[in-house]
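Below: the structure, in structure tokens.
Computed from a predicted model, the values in this text were never measured in an experiment. Throughout, protein chains are lettered first and strands after them, A, B, ... in sequence-line order, and every chain is numbered starting at 1.
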Amino acid sequence: MNISGKAAIVGIGETDYFRGAKQSVPELVLSASMEAIHDAGLQPTDIDAVIPPPGYLSTEEIAANLGIPEVTYAVEVRMGGASPTASLQSAVMALSAGIATNVLITFGWNGYSAFRRRPDGAPNRRKGDPGPFIDVSRNFYAPYGVRSAVQWYSMYIQRYVNLYDISPEDAAQVALTCREHAHLNEKALMGGRPMTMDDYLASPFITEPMRKLDCCLETDCATAVVLTTTERAKDLPHDPVLWLGGAEGHPYPADEITNRPDMLKLGLDSAAPRAFSMAGVSPLDMDFLQIYDCFTYVVLMELEAIGICEKGGAGEFVRDGNIRLGGRYPLNTHGGLLSQGHCWGFNHVVEATRQLRHDAGAAQVDDCELGVVTGYGDLGDGSIAVLGRA
Amino acid sequence: MSDEPPKQYKKYVPQPDGLNLELHKRGVETGLLHIQRCVECGQSRQPPRYYCQDCFSDSYEFVPVSGAGSIYSFAINHFTTDRAWIEELPYITAVVELAEGPRVVGALRNVEPGDVTLGDAVTVSVEPRGEDFAFIWVDLNP
């Protein structure tokens, strides 16, 4: 069964981005969800499938709070930051198989407040999924003081920068570009706060080679999208944004980084060719790139993984304004996780949808028809969606 | 100000179970780094798994390894959320490719950041921490 183009994103919702939200995680998730449902011209009673943020809220909790009386499909995707974009695939499968008619996907969390509660903030006690790799990380990494994403990923990024001579200035292009784009987005946490190359290079190391400004922002926020069949989408208020192809990929073994035959091969390396093949287009055809940017160096590896440049070629690819608005491949036109805020990369899907509706305001990529979104999470899981205007 | 003594933070010691416990028990009992090996095809693997990824046999053994290896990758930690490690900053976590093939993660000691590069020859050893966990040390060869 060919599911390319069989379903479309028809509704989007997005809270503000907070470093210390007054709302609880459920409030954030439910408000983004209701916004997406209404944006699609639907009511909660029209939704019959929900994919929730694993560990934070369940499908049943969301359905009960929003007023979704009949759920025909409930599934959780447990790939960390790769979950949201992978969820699109699951939604399209359910829609094209006739198992669901309107799917709500939502992600949200207290990514800031769970770690640093503000005195005026609401108690925010929800905690996320510890991850499918918890057994390995607690037995083989944590005893050595390696407990966080920046540390896990440095174990392969250090090898990556050494083998391919990737410079801090190359990684900086990703950070600086996201920051420039954030200035165009009124919901971006770092809008109006300029960053220069000197600022970047003066930024302290967290785990070499990654500096503080290579790292994304701890954020409280939520986003949501609604998908339906392409057929039904024609009757809804917005230009539908077609899911033309997508895939997920898991490095092997996915639960342990260091014993992979090729430690630099991400899940996205195997997922991307499948997605572009399904969509019948080339990465070079993309009008914009919304690349999961938990860390700048991960973006460089992902650009190579999707095949838009050679292995080791990402440093050159991001130079000379190529990834800025006005360049050939504008990247993270909303500011990304680095400068808008961290909503598990579902904010990338929301932004891609705005772009393809031609509703992206000052960040609009003129006449865009095709774009790609990637997800990255846990210990290198990957996901991808190729989206296009109907 | 409180009269309580400052809180002692100890480095995290995991409580492994299953195969991971078997592996660590061998390290604790012998003081030697062990690796799981397939009895059928002789392939070594880390971390331990229930079936051989090459021949799918469920017969395995834990065997001591020489400790010889080389730096495959590393992380130089300048910041940590783990309070037990703060005094060690900056500390280096090494990914070592053992002469026998598998790679292990351990703490590289007595080395300044900048003095380690990919491919450096190292020796890996273990130090028991309690009854169920053998901590892995990595030393650059002189």
**OP:** With a 4.5 Å heavy-atom cut-off (strictly below), which parts of residues 20-43 of chain B touch chain A? List them by number.
**Re:** Asn20(B), Leu23(B), His24(B)
With a cut-off of 6.0 Å (strictly less than), are more than 12 heavy atoms of other residues, nucleotides or ligands near [atom1] of [X]?
{"X": "Lys311(A)", "atom1": "NZ", "value": "yes"}
{"X": "Glu169(A)", "atom1": "CD", "value": "yes"}
{"X": "Glu310(A)", "atom1": "CD", "value": "no"}
{"X": "Arg109(B)", "atom1": "CZ", "value": "yes"}

Any side-chain heavy atom of [X] within less than 4.5 Å of one from [Y]?
{"X": "Thr93(B)", "Y": "Gln151(A)", "answer": "no"}
{"X": "Glu256(A)", "Y": "Arg49(B)", "answer": "yes"}
{"X": "Gln53(B)", "Y": "Tyr252(A)", "answer": "yes"}
{"X": "Leu163(A)", "Y": "Leu118(B)", "answer": "yes"}

Which region of [X], side chain (C-beta onward) or backbone (N, CA, C, O), has a non-hydrogen atom less than 4.5 Å from a non-hydrogen atom of chain A, or is it both or neither?
{"X": "Tyr72(B)", "answer": "both"}
{"X": "Leu89(B)", "answer": "neither"}
{"X": "Pro90(B)", "answer": "neither"}
{"X": "Val95(B)", "answer": "side chain"}

Subject >> Exercise: identify the closest heavy-atom pair between Ala75(B) and Ser154(A) >> reply: CB-CB, 3.9 Å
**OP:** Sort out for me which of Asp17(B), Ile136(B), Val104(B) touches chain A most, counting heavy-atom pairs under 4.5 Å.
**Re:** Ile136(B)
Original post:
Which one of Phe79(B), Tyr91(B), Tyr12(B) has the most heavy-atom pairs closer than 4.5 Å to chain A?
Top reply: Tyr12(B)
Subject >> Pairs flagged by side-chain hydrogen bond (donor to acceptor under 3.5 Å, both in side chains) wherever residues 202-211 of chain A is involved - sequence neighbours left out >> reply: Glu208(A)-His78(B)
Subject >> Residues of residues 134-150 of chain A near chain B, each having a heavy atom less than 4.5 Å away >> reply: Asp135(A), Val136(A), Arg138(A), Asn139(A), Phe140(A), Tyr141(A), Ala142(A), Pro143(A), Tyr144(A), Gly145(A), Val146(A), Arg147(A)
Original post:
Do any of residues 261-270 of chain A come closer than 4.5 Å to chain B, heavy atom to heavy atom, and if so which ones, in number order?
Top reply: Pro261(A), Met263(A)
Original post:
Just by modelled atom types, is the Ser73(B) backbone N or O under 3.5 Å from a matching donor or acceptor in the Arg159(A) side chain?
Top reply: no
Original post:
Taking atom CD of Gln158(A) and atom CD1 of Ile71(B), what is their separation to the nearest 0.5 Å?
Top reply: 10.5 Å
Subject >> Thr81(B) side, atom OG1; Ile206(A) side, atom CD1 - distance, nearest 0.5 Å >> reply: 11.0 Å
